[in-house]
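Right, one structure below, let's go through it.
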There are 4 protein chains.
Amino acid sequence: MGIKQRKQREKERRKQEIMVAAKRVFSKKGYDRTKMEDIAREAELSPGTLYLYFKSKGELHASLNVRVLQFINIKLEHVINEPFDSFEQRQQALIKAMHDIYEFDAMVLNNVFHLQSSESLKKMSPELMDEINTLATRALRNLAGIFQVGIDDNQIVDVHPMALVDILWGLFSGIVMWEETKKTFKRKRYALNETFDTAFEIFIRGMRRDRSE
Amino acid sequence: MGIKQRKQREKERRKQEIMVAAKRVFSKKGYDRTKMEDIAREAELSPGTLYLYFKSKGELHASLNVRVLQFINIKLEHVINEPFDSFEQRQQALIKAMHDIYEFDAMVLNNVFHLQSSESLKKMSPELMDEINTLATRALRNLAGIFQVGIDDNQIVDVHPMALVDILWGLFSGIVMWEETKKTFKRKRYALNETFDTAFEIFIRGMRRDRSE
Amino acid sequence: MGIKQRKQREKERRKQEIMVAAKRVFSKKGYDRTKMEDIAREAELSPGTLYLYFKSKGELHASLNVRVLQFINIKLEHVINEPFDSFEQRQQALIKAMHDIYEFDAMVLNNVFHLQSSESLKKMSPELMDEINTLATRALRNLAGIFQVGIDDNQIVDVHPMALVDILWGLFSGIVMWEETKKTFKRKRYALNETFDTAFEIFIRGMRRDRSE
Amino acid sequence: MGIKQRKQREKERRKQEIMVAAKRVFSKKGYDRTKMEDIAREAELSPGTLYLYFKSKGELHASLNVRVLQFINIKLEHVINEPFDSFEQRQQALIKAMHDIYEFDAMVLNNVFHLQSSESLKKMSPELMDEINTLATRALRNLAGIFQVGIDDNQIVDVHPMALVDILWGLFSGIVMWEETKKTFKRKRYALNETFDTAFEIFIRGMRRDRSE
DNA sequence: GATGAATGAGTGTTCATTCAT
DNA sequence: GATGAATGAACACTCATTCAT
């Protein structure tokens, strides 16, 4: 009988709607300043309804991270698995992937950074906690894998690939947050895409192993 | 009469003590999760006393930004004004300055990023707001100035210096926050200084204008 | 037409099913801690359905009291109306009745005691309120009647029979609740039936008029 | 310096004031229906203030139990330790003690019974939990000790003294609650003291070992 | 100036009740 | 009739801020 399935689908859709609303509000205000009521209003629901779909504010927030991390992994695994003629091309694909990730959820970072407070982790169900950890680990390994290819190929400097991961991720998220901050202060220059392009270009040039080296 | 001056000095010293305490707590817990009582305890004062020196939590926090921005400007202006034999040396001085800034207040960034919420700006006195804006603008101009020297000198690629500023600042703050996040998740690798060194090295290599170019 | 009657019977049966489920849950958790959803789950119905049969949680709860009070009255009226050879035998029948009442719904008491909050009475329909009052009065009169027989018969001390009623009822309900409490605290001794037997024995011996008196 | 001591005393007094207010409200409405705001209003304080003295609603409530249990133990230990010429006199002292306990806090029972919900125990600090358990155990042992004297003395029937404890306690608390219930229903007869006297008299007579036995 | 007890508005969460399907 | 998703009022608890001492 398709009825159950339809109900199931509608339930899932509602959950997604809430997540979309939550993403918007969390992105704008940050975790602490976002009230459940804000999210409810954004989703055109009442506060109580949110709790039919998510156990708590923390869990709702965490589930956004899951979504983003899944997206990130999908994108990175594309970059890894696709055959490229040159490392150069793979690098371009990586940059494209980072752009996509940015488009998908600019505030990944806010999300991820919020987790800093280990207190907020207390309320999270261990399963969710585990899932996030697993996904995050996989994402970092994926990135490291891409760099390892370049190192093995003598294309980029011989640095611990995890260091490169840290730098790329820091660069990426740092720029996003910095552009956000600038917006608030109404500074003129915020050309995120251009900044990204230049940043990645510099990063890639900086990693490149000189022929003479 | 020196009495007034002594009083003044003591008041200033007390204010500094509170700021030091506040910095420690804000750095550890972030703005929202820091209670005034936490700061009071750290400063070995009572909560009420904080309000003799700062109008509000927001203002206390903002004043930390002022301090950091002042520090940043001093450091950057050293880099600008000191005569160096080569741009290479100036670059090394800049990196050193960034290290110093990091030592001075790793969480500058948290601080600065917190300002995202434009609502929290409402409570800030316009003077303080102005001061921060002025200092921030000066800091960014200072950084841009340093890069301009390199551009004029044909040492680094011809990119809008403000873009380089955004990238350097994003890189810097992004790495700090990312390392903080990693700590929470107890991931093994967090060697902030090494990561910094590698990151700046890559950044500098990436900016460097090839002789052949 | 029997259709209406069948419908009527089915409706009544459904109502009874709900009450049975409700009794179980109320007994286990107490009034306030019982959620309508708990009862619905126990009855294998949806929450909304409960409201087709009962106007509110309070009314559902009250209707349980009605049922218990009816049961009590039936039992007590047996004890009154049955002819016994001696008061002694009637007394034994009373004790048996109390056992039966306990078996029927140990938590009568919880139920009855819950009514303490006069606020909760506000929501109850006056008819239900009246019915409970009438039934309770009848139950107390029935008990008093039994004692009056003993007094008239010179078998038990000459005390206002209502006082004896209060004592018996207090003794009965107090022991039930106390044993419940002990369970929670995992104290070893909870042998409710034995305690009951001993308690009633003492009560009867204590009421017994000495031959010499 | 006496200042600290005075502050300490005032703090203790305030705590007592809150407990008195809480006792009144809990007694009238029961645990669940009592809002912290009610207690605050009764104590002429704001809700927040209650939390300066008690960690939670549950802990405030539990601390009332502690107070009552302490009082009970003091009273019972008097009955045990005082030398009496006859068991008869000791019994009278026990009855007097029960009266005193009733005067001190009629709702002991409500308090104690509320603990039924093991869920509410979760929030209680283990220390408090322990304290209550210890005090309650001591109270029960004290009561049992008194009965043991009577048994050893051949004054009362040879029943497990703990059974007598259960019965006495059930009788006592049951009558109190029953009288409370009657009040709500505005039944005429509520002469608690008389009922108590009669109840204890019956209980004692019922326990008494016949000379002929 | 310094204190710290008191305040009370604000927020996450629960749950009796409703109502569109 | 039955459902169960949605509602929204209610309530425990927090914490920036104030003010009597």
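Since the model is a prediction, treat every value here as computed from it, not as a measurement. Atom set for the values below is all heavy atoms of this structure, side chains included, hydrogens, waters and symmetry mates excluded. We name chains A, B, ... by the order of the sequence lines, and we start the count at 1 in each one.
Note that B:K57 lies in the cation-pi zone of B:Y31, set by a 6.0 Å cut-off to the ring centre and a 45° limit from the axis.
Checked against F:dT7, F:dC13, E:dT13, the side chain of A:S56 finds its nearest nucleotide in E:dT13. Side-chain proximity of A:L52 to the nucleotides F:dG8, F:dT3, F:dA6 is greatest for F:dA6. The side chain of D:Y51 lies closest to F:dA12, out of E:dA2, F:dA12, E:dA16. For B:K57, the listed nucleotide lying nearest its side chain is F:dA16; candidates were F:dA6, F:dA16, E:dA2. Residue B:R14 has its side chain nearest to E:dA2 when only F:dA6, E:dA2, E:dC15 are considered. Here the nucleotide nearest the side chain of C:K35, chosen from F:dG1, E:dT3, E:dC15, is E:dC15.
In this structure the side chain of A:R14 never reaches within 4.5 angstrom of the side chain of A:E10, judged on heavy atoms.
Residues D:P47 and C:T34 both approach DNA chain E. Their nearest nucleotides, taken by heavy-atom distance, put D:P47 toward the 5′ side. Nucleotides of DNA chain F nearest to D:M36 and D:T49 differ in position, and the one nearer the 5' end is that of D:M36. Between D:E37 and C:L50, the one whose closest nucleotide on DNA chain F sits nearer the 5' end is C:L50.
Pairing partner, E:dT21: F:dA2, with both Watson-Crick or wobble hydrogen-bond distances short of 3.5 Å.
No engagement by B:K55 is indicated, since no non-hydrogen atom pair under 4.0 Å with the nucleic acid exists. Among the atoms of the strands shown, only primed sugar atoms or phosphate atoms (P, OP1, OP2) are found under 4.0 Å from some heavy atom of B:K11. Looking at heavy-atom distances under 4.0 Å, A:F54 makes no contact with the nucleic acid at all.
At the phosphate of F:dT3, OP1 or OP2 sits under 4.0 Å from a side-chain N or O atom of C:S46.
Comment: C:E37 engages C:R41 in a salt bridge, judged by a side-chain N to carboxylate O separation of less than 4.0 angstrom.
Not a single donor-acceptor pair under 3.5 Å links the side chain of A:K28 to the backbone N or O of A:T34.
For the 3.5 Å distance criterion, the side chains of C:Q8 and C:E12 fail to qualify, holding no donor opposite an acceptor.
When the P atom of E:dA6 is taken as reference, atom CD of D:E44 falls 13 Å away, rounded to whole Å.
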